[in-house]
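Only one structure is covered here, and it is reproduced in the block below.
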Amino acid sequence: MSNKKFIERTLVILKPDAVQRSLVGETVKRFENLGLKFVGIKLVLPKKENVRMHYTVDPDWIRLTGEKAMKAKENQGINISESAEEIGERVLESLIKFMTSGPVVVIAVEGASAVPLVRKIVGSTEPLSSDVGTIRGDYVFDSYAMADINNRAIRNLIHASSDIESAKKEIKIWFDEKELLNYSTAQERFIYDVDLKNILQ
Ligand code: ADP
Ligand code: MG
């Protein structure tokens, strides 16, 4: 096996809306189709502390999320009186409410460039402007504007880690080390094998 240095892990969470809308199979299928591997997968009812920890593994997340929300409001021509931090805190509280409302599926995904590949399949934060072909773009139409009116978290079905370091920390929050399995799949032999030795008999 060459190409080992490209192999990384990322965390996917199928949020309560994905479970409630019976979209677990449909979403999981996309990662399998691409050739990525699940090294841990389970149904969990998230605790408040875990959700808070998860979204603050990046200490800048609150400010950055607030800034992203401010930009979305500016685009709608809405005046903003709160700071980015205040908006970010409010988003975090709404996310805690959303993520603890029902079971979620947590998945540790492994493969070459798994972090950016999973983000690509998932799409951007706001489903309304997420690309066609992405999970968020294809299965949900929520928007910043609709979420804002009810002061709730955007329902976008799925979480995906944004970078390798966050992924490592997030995986630790949701999985015990012994729940993550090291194994190979039949297709990996074809994807990563340079010699293609084991096909013809
Ligand atoms: P992503 O999930 O695309 O990485 P973020 O890390 O910025 O996005 O935010 C985490 C989650 O918080 C989003 O997936 C979404 O559910 C929710 N969220 C983010 N920004 C807002 C907002 N302005 N209003 C409501 N919910 C938001
Ligand atoms: Mg994020």
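First listed ligand is number 1; within each ligand, the first listed atom is number 1. None of the values given here were measured: they were computed from a predicted structure. Just so it is clear, the values below take in all heavy atoms, side chains as well, and ignore hydrogens, waters and symmetry mates.
- Only side-chain heavy atoms of Arg119 come within less than 4.0 Å of ligand 1; its backbone N, CA, C and O stay farther off.
- Closest to atom 7 (O) of ligand 1 by heavy atom, among His159, Met70, Lys68, is Lys68.
- The side-chain heavy atoms of Arg21 and Leu157, taken from C-beta on, include a pair separated by under 4.5 Å.
- Salt-bridge check for Glu86 with Arg90: failed, with every basic side-chain N at 4.0 Å or more from each acidic carboxylate O.
- Here Leu95 has side-chain heavy atoms under 4.0 Å from ligand 1, and that is the only part of it that gets that close.
- In summary, Arg63 and Asp58 do not engage in a salt bridge, as defined by a charged side-chain N under 4.0 Å from a carboxylate O.
- No side-chain heavy atom of Phe175 sits under 4.5 Å from any side-chain heavy atom of Val39.
- With hydrogens left out, the protein atom closest to atom 2 (O) of ligand 1 is Arg136 NH2, 3.0 Å, a heavy atom.
- Contact of the Leu43 side chain with the Val104 side chain is not registered, since no non-hydrogen atoms from C-beta on lie closer than 4.5 Å.
- A heavy-atom separation below 4.0 Å is not found between Arg155 and ligand 1.
- Contact annotation: for Lys15 versus ligand 1, heavy atoms closer than 4.0 Å belong to the side chain alone.
- Note that the CG atom of Asp142 and the CG atom of Leu128 stand 9.0 Å from one another [nearest 0.5 Å].
- The distance criterion of under 3.5 Å between nitrogen or oxygen atoms is met by Trp61 with respect to ligand 1.
- Using a 4.0 Å cut-off to heavy atoms of Asn156, the atoms of ligand 1 that qualify are 13 (C), 14 (O), 15 (C), 16 (O).
- Not one N or O of Ile158 is nearer than 3.5 Å to an N or O of ligand 1, by distance alone.
- For Tyr55, no nitrogen or oxygen atom sits less than 3.5 Å from a nitrogen or oxygen atom of ligand 1, counting backbone and side chain alike.
- To the nearest 0.5 angstrom, Ser129 atom OG is 10.5 Å from Arg136 atom CZ.
- In terms of polar-atom proximity, Thr125 is counted as a contact of ligand 1, with an N or O under 3.5 Å from an N or O of the ligand.
- Between Glu26 and Lys29 there is a salt bridge, since a side-chain N of the basic residue sits under 4.0 Å from a carboxylate O of the acidic one.
- Salt bridge Glu165/Lys168: present, at least one basic N to carboxylate O contact under 4.0 Å.
- Side-chain contact annotation: Ser166 with Asp163, donor-acceptor N/O pair under 3.5 Å present.
- Look at Ser162 and you'll find every heavy atom at least 4.0 Å from all atoms of ligand 1.
- Counting atoms of ligand 1 from 1 in the listed order, those under 4.0 Å from a heavy atom of Thr65 are 7 (O), 19 (C), 20 (N).
- Taking 4.5 Å as the limit, some side-chain heavy atom of Arg152 sits within range of a side-chain heavy atom of Met146.
- Close approach of ligand 1 to Ala69 (heavy-atom distance below 4.0 Å) involves ligand atoms 23 (N).
- Given atom 16 (O) of ligand 1, the protein heavy atom at minimum distance is Ile154 O, 2.9 Å.
- Close N/O approach between Ser94 and ligand 1 is not found [any backbone or side-chain N/O within under 3.5 Å].
- Of all protein heavy atoms, the one lying nearest to atom 27 (C) of ligand 1 is Val91 CG1, 3.5 Å.
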